[in-house]
Amino acid sequence: MTESEVIQASRNKLNRAIGFLRGNKKLDDTSRGQLALQALHSLQTGDYERAAKIMEGEAGDPVDGDPTTAIDQLTDTLRDMGDRVNGLNDQVREVNTALDEQLYWIPNLPHDSVPYGDSDEQNIAHPHQGAIRTFTFEPKPHWDLGVALDIIDFERGVKLAGSRAYVLKNWGARLQRALINLFLDMARDHGFEELYVPFFVKEDMMYGAGQFPKFRDVVYTDPEADIYMLPTAEVAITNLYRDEIVDEAQLPIYMVANTPCFRREKTSAGRDVRGIKRVHQFQKVELYKFTTPETSYQELESLVEAASDVCRALELPFRRLEIVTGDLGFSATKKYDLEVWAPGCQEWLEVSSCSNTESFQARRANIKYRPHGSKKSQFVHTLNGSGLAAPRVIIAIMENYQQADGSIEIPTALRPYLGGADVIPSK
RNA sequence: GGACGGGUGGCCGAGCGGUUUAAGGCGUUGGUCUUGAAAACCAAAGUGGGGCUUCAGUCUCACCGUGGGUUCGAAUCCCACCCCUUCCGCCA
């Protein structure tokens with residue numbers, strides 16, 4: 001016990017005892033004063049147990065003194081004890097607050113299986129899956145295709161909302177809607193439960209998901225309300241079971257949500273300014289798992305596979321990237337990215353990022369489960385992965401499926417979502 | 001946005017300054033009984049932190065929406081805030 005707890009324990013006993021003494025109807029004022037006097041004497045010699053017992057009626061040795069003021073002196077002594085406890089507690093609180101502020105800045109530790117590396121340049125690219133298309137013409141970047149087909153309107157997007165804003169039109173908007181439905185349907189096939197969540201959350205939720213305090217400058221906020229726009233649905237889903245203890249039989253829990261994601265992208269001003277690769281608002285379908293510690297790494301593998309299946313369904317060439325220690329980010333113990341090839345802008349585009357955070361988020365959001373037969377609850381493990389981010393998939397489809405006449409073929413898997421259409425016609 | 005009422009364990013619900021160790025009920029778990037079940041009866045059980053321990057336990061602090069305050073002592077009194085019911089207003 002800490003010092004303040006020791007004092008508090010005595011206070012609790014004495015407060016109860018003095019209440020008993022006050023309300024003891026068997027006593028007259030004189031004998032009550034005499035007991036108080038004896039209790040006071042014990043208190044002054046440091047014997048709190050005895051003082052409490054005397055007040056509860058156990059006779060002690062008679063002592064000299066003024067019985068009429070004894071109870072007042074007792075309460076004075078107890079007040080002093082209370083002041084002392086409060087003083088100590090204030091000190092403890094101050095230290096704890098300062099400590100927490102520091103601890104929130106400490107990132108998660110990499111898992112043993114994560115390869116060592118200083119930066120994203122050392123990330124390990126697995127062999128790509130799916131054929132990389134060859135073209136009989138020079139494939140165009142999506143920003144040219146989008147304007148030519150009148151399916152992305154950059155100028156009017158900027159007019160509405162400033163830099164990095166865009167408007168999807170006609171087939172562009174429909175394509176995104178079709179993609180999201182495909183993503184969600186495939187997630188459901190993999191056992192994920194679909195959610196519709198608030199697009200903004202309270203500040204605590206940002207801490208719970210590990211976004212705050214480090215990435216505070218990335219999110220949009222209403223400074224007058226305690227409200228922050230989601231940079232990813234992960235924040236909302238993580239906190240669904242905040243301060244709860246889930247039954248082990250419920251685990252693993254799979255959830256999926258389609259939300260817009262809002263990001264200031266302040267840190268990367270000047271990068272990727274063309275097109276819709278890096279924007280302030282985009283649609284993303286997020287896959288999320290709550291698991292036991294024993295299964296979280298195999299769940300990470302199946303999570304990456306679930307995301308990979310979407311790339312396969314769309315017949316896009318993609319590869320898995322194994323993230324090295326130096327590029328892990330703040331919350332993850334292990335992470336895989338999925339990249340699809342975009343022949344127009346000639347680069348691999350990150351369309352998914354799948355992480356195990358182990359108990360990192362669960363600790364912050366206080367999400368526990370009770371193992372079978374155990375009295376003690378413990379933290380769950382949480383995993384998140386995109387499945388997938390819409391704009392970059394739109395880029396990949398436009399650039400991979402473009403044809404010599406400027407039209408874009410629609411991937412087979414998407415056609416049922418677009419009334420059976422097989423092509424976005426050129427203008 | 002205005003008015004009223006209210007937030008208590010897994011759920012319902014009592015308590016409204018000191019024997020609260022939070023009543024009672026429902027539900028849960030174990031046991032008795034039973035061929036098995038039901039019923040009945042008996043028993044157990046909140047969450048988190050910390051300390052001892054022979055790992056069966058045991059002691060202790062905190063927790064009754066949140067944060068302050070009053071008091072020797074707060075679930076109970078006061079203030080602020082949040083949330084919910086109902087009614088009114090507004091609105092897709």
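Just so we're on the same page: letters track the sequence lines, and every chain starts at 1.
Nucleotides B/rA75 and B/rG2 are separated by 31 Å at their P atoms, to the nearest Å. Using atom P as the reference point in both B/rC64 and B/rC59, the two lie 23 Å apart (nearest Å). B/rU8 sits 30 Å from B/rG1 when the C1' atoms are compared, rounded to a whole Å. Here the separation of B/rC41 from B/rG46, taken at their P atoms, is 23 Å to the nearest Å. Using atom P as the reference point in both B/rC26 and B/rU32, the two lie 22 Å apart (nearest Å). Taking atom P in both B/rC91 and B/rG48, one finds a spacing of 49 Å when rounded to whole Å. Between B/rU53 and B/rU47, the distance separating the two P atoms is 25 Å to the nearest Å. As rounded to the nearest Å, B/rU20 and B/rA74 have C1' atoms that lie 12 Å from one another.
Distance A/Arg93 CZ to B/rG49 C1': 15 Å, rounded to the nearest Å. Atom C1' of nucleotide B/rU71 and atom CG of A/Asp83 are separated by 12 Å, given to the nearest angstrom. When rounded to the nearest whole Å, the span between CG of A/Leu35 and P of B/rC72 equals 21 Å. Per the geometry, OH belonging to A/Tyr48 stands 17 Å off P belonging to B/rU60, to the nearest Å. Counting to the nearest Å, the P atom of B/rU20 and the CZ atom of A/Phe20 are 12 Å from each other. Across the protein-nucleic acid pair, A/Arg22 atom CZ and B/rU71 atom C1' stand 10 Å apart, rounded to whole Å. Atom NZ in A/Lys368 sits roughly 15 Å away from atom P in B/rG46 (whole-Å rounding). Taking atom CG on A/Asn89 and atom P on B/rG68, their separation rounds to 12 Å, with Å as the unit.
Not a single side chain to side chain donor-acceptor pair (under 3.5 Å) links A/Asp83 to another residue, sequence neighbours left out. Considering only residues two or more places apart in sequence or on other chains, A/Asn181 meets the side chain to side chain donor-acceptor pair (under 3.5 Å) condition with none of them. Evaluation of the side chain to side chain contact (heavy atoms under 4.5 Å, CB included) rule for A/Phe200 yields A/Ile227, A/Met229 as partners, not counting sequence neighbours. The ring pair (Phe, Tyr, Trp, His ring centres under 6.0 Å) test applied to A/Tyr288 returns A/Phe290, not counting sequence neighbours. Residues satisfying the side chain to side chain donor-acceptor pair (under 3.5 Å) criterion with A/Tyr220, sequence neighbours excluded, are A/His280. With sequence neighbours excluded, the residues forming a side chain to side chain donor-acceptor pair (under 3.5 Å) with A/Asn89 are A/Ser4, listed by chain and number.
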Find every protein N or O atom lying less than 3.5 Å from an N or O atom of nucleotides 61-66 of chain B, and list the pairs.
unit_1: B/rC61; atom_1: OP1; unit_2: A/Asn12; atom_2: ND2; d: 3.3
unit_1: B/rA62; atom_1: OP1; unit_2: A/Gln8; atom_2: NE2; d: 3.4
unit_1: B/rA62; atom_1: OP2; unit_2: A/Asn12; atom_2: ND2; d: 3.4

Mind listing the N/O atom pairs, protein and nucleotides 73-82 of chain B, below 3.5 Å?
unit_1: B/rG73; atom_1: OP1; unit_2: A/Arg11; atom_2: NH2; d: 2.8

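Within 6.0 Å of atom CZ in A/Arg156, 12 or fewer heavy atoms from other residues, nucleotides or ligands are found, so the atom counts as exposed in its surroundings.
The side chain of A/Ser377 contributes an N or O atom lying less than 4.0 Å from OP1 or OP2 of B/rG48.
You'll find the ring centres of A/Phe262 and A/Phe282 outside the 6.0 Å limit.
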Side-chain donor-acceptor pairs of residues 326-334 of chain A under 3.5 Å, sequence neighbours excluded:
unit_1: A/Asp327; atom_1: OD2; unit_2: A/Asn123; atom_2: ND2; d: 2.9
unit_1: A/Thr333; atom_1: OG1; unit_2: A/Tyr297; atom_2: OH; d: 2.8
unit_1: A/Thr333; atom_1: OG1; unit_2: A/Asn356; atom_2: O; d: 3.1
unit_1: A/Lys334; atom_1: NZ; unit_2: A/Ser113; atom_2: OG; d: 2.9

For residues 186-198 of chain A, tabulate all N or O donor-acceptor pairs below 3.5 Å that involve a side-chain atom, not counting sequence neighbours.
unit_1: A/His190; atom_1: ND1; unit_2: A/Met186; atom_2: O; d: 3.0
unit_1: A/His190; atom_1: NE2; unit_2: A/Asp309; atom_2: OD2; d: 3.0

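At distances below 3.5 Å, at least one donor-acceptor pair connects side-chain atoms of A/Asn15 with backbone N or O atoms of A/Arg11.
Annotated stems with RNA chain B as a participant read B:1-3 with B:86-88, B:5-7 with B:82-84, B:10-12 with B:24-26, B:28-32 with B:40-44, B:46-52 with B:57-63, B:65-69 with B:77-81, given as range with range, by first number; only runs of 3 or more Watson-Crick or G-U pairs under 3.5 Å qualify.
Listed by first and then second residue, the salt bridge (Lys or Arg N to Asp or Glu O under 4.0 Å) pairs that reach into residues 85-94 of chain A are A/Asp90-A/Arg93, sequence neighbours excluded.
Between A/Val285 and A/Ser386 the shortest side-chain heavy-atom distance does not fall below 4.5 Å.
Residues A/Ile245 and A/Val6 both approach RNA chain B. Their nearest nucleotides, taken by heavy-atom distance, put A/Ile245 toward the 5′ side.
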